[in-house]
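One structure below.
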Amino acid sequence: MDCCATQGLIPVETALDTLLSQVTPISLAKTLPLSDAIGFVLAEDICSPINVPPFSNSAMDGYAVRLSDLALSLTLPVAGKSFAGIPFEGEWQEQSTIRIMTGAKIPVGCDAVIMQELTSNSDGNITFDVTLSDIKPQTNIRPIGDDVSQGQTVLEKGHRLTPRDIPLIASLGINDIPVVHKPKVAFFSTGDELTPLGQPLEDGQIYDSNRYGIKVLIERFGCEAIDLGIIPDCPQTLRDVFLKADKEADVVVTSGGVSVGEADYTKDILDELGQIGFWKLAIKPGKPFAFGQLPDSYFCGLPGNPVSAMLTMYVLVQPMLAKLAGHSKWEAPKAIPAVATTVFKKRPGRTDYQRGIYSINDKGQFEVATTGNQGSGAFSSMSIANCFVVLERERDRVSVGETVNIELFNASLY
Ligand code: AMP
Ligand code: MG
């Protein structure tokens, strides 16, 4: 038996597997206009109804030419114009050129567009400063369907829409977007010591910082946040709020009260109203994390210490919400080897997620330094960090020069 088993702590990987295996993705879909669809997960593939571009067009301001005309003379009269939105419509006489602008339709028979900078205009006669053999057919022509062809699957079901996808979908002319409903996540802080912002602190009180971090992460993870406030350490009040949250949301997230203190009621209430999936992980910080099910929702009980709360949201709740949201393309941050430029204090027994500051040295290698104080209540370490330094369960103190794995913060922390 390893030390985690003897202490009854569940390895993070096991906890994550268990948690994900119990979550069924939301299937309820709706249609949104494109401008409201950012951050939603696609409920169906997006296939293009048209070619993009829908017609061959010019990539330059210049002159449309036929190579057979240029073979006879490098000076040609202008036969007409093709502007963006106003194509050339006449008959293109032999031995002439057509003035053309960027985005304008390519006239029938055109082999290439010669950029304006390679021409000179004398009384409507255009002289081309080119060598004919250097002009390749289709130069400066963007062919029909060059970007997207009709019928092509552009984005797949399960993809979460980013700002980069929105203009792409607009270019296809699609405005009705089939999306999965965002998971609703109700959350509250527990603790008699917690004071809302805007009020002076009484003796023994602290400000409720977790609720602010939890809310922003829920929204960054692509979910709808339902803030149920600060709840005192009172079993009856907690029970009522648990039930209210369970009714309103797909997931209930609490902070605090999940450890073994005399005012820690979260786990008992979860046990009473639903089922505990697991409790107490071999992770540092964040050991007292509880997962379970309430009658109509999943439950995640975060530890009260602020770094632990945010870390467990990031490492455990984030992938769970991604699965629930149907975001099948979601990927966990990748481990990158980095050379330690400072000592990292550690004892074997739990996987440490220490806060680090990485940089890339002049050899192109990742290096990482500690942020200093790694206390689970010292939140400034999260604020100044740009990565987690993930130290394996059985690893001991890390000396300068050793290689460690780092995980760069993903977009949810920026
Ligand atoms: P608990 O998990 O309730 O035992 O709390 C552990 C530590 O986290 C204690 O020092 C609490 O005061 C602190 N804490 C609990 N909830 C919050 C919160 N919402 N914001 C900031 N600190 C908290
Ligand atoms: Mg508490």
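Whatever order the structure lists ligands and atoms in, that order sets their numbers, starting from 1. All values derive from a computational prediction rather than experimental measurement.
For atom 1 (P) of ligand 1, the closest non-hydrogen atom of the protein is G257 N, 3.6 Å. Regarding atom 13 (C) of ligand 1, its nearest protein heavy-atom neighbour is G304 O, 3.7 Å. Looking only at heavy atoms of the protein, atom 20 (N) of ligand 1 is closest to S209 N, 3.1 Å. The closest protein non-hydrogen atom to atom 10 (O) of ligand 1 is N305 OD1, 4.1 Å. Of all protein heavy atoms, the one closest to atom 4 (O) of ligand 1 is D264 OD1, 3.9 Å.
By the 4.0 Å N-to-carboxylate-O rule, R393 lies close enough to E13 to be salt-bridged with it.
Of the N or O atoms in R211, none lie within a sub-3.5 Å distance of an N or O in ligand 1. For ligand 1, the polar-atom distance check against S259 finds no nitrogen or oxygen pair separated by under 3.5 Å. Here's the thing with P306: none of its N/O atoms is less than 3.5 angstrom from an N/O atom of ligand 1.
Relative to atom 17 (C) of ligand 1, the option among I230, I206, L302, N210 with the closest non-hydrogen atom is N210.
Within the 4.5 Å cutoff, the side chain of K30 has heavy atoms near those of the V179 side chain. Within the 4.5 Å cutoff, no side-chain heavy atoms of V404 are placed close to those of P337. Between L42 and F40, every side-chain heavy-atom pair lies at or beyond the 4.5 Å cut-off. The shortest side-chain heavy-atom distance between I177 and I169 falls under the 4.5 Å cut-off.
The salt bridge (Lys or Arg N to Asp or Glu O under 4.0 Å) test with D227 is passed by exactly one of K215, R211, K184: R211.
A distance of 6.0 Å or more separates the ring centres of Y353 and Y314.
Under a 3.5 Å cut-off, the side chain of T119 and the backbone N or O of I126 do not form any donor-acceptor pair. Put simply, the side chain of T266 gets close to the backbone of G257: a donor and an acceptor are under 3.5 Å apart.
Close contacts between ligand 1 and Y207 involve ligand atoms 20 (N), 21 (C) [criterion: under 4.0 Å to a heavy atom]. Residue S189 has at least one heavy-atom neighbour below 4.0 Å for each of these atoms of ligand 1: 19 (N). For ligand 1 and E193, the ligand atoms under 4.0 Å from any heavy atom of the residue are 11 (C), 12 (O), 15 (C). Within the listing of ligand 1, atoms 16 (N), 19 (N) sit less than 4.0 angstrom from a heavy atom of S255. Within the listing of ligand 1, atoms 18 (C), 19 (N), 20 (N) sit less than 4.0 angstrom from a heavy atom of D208.
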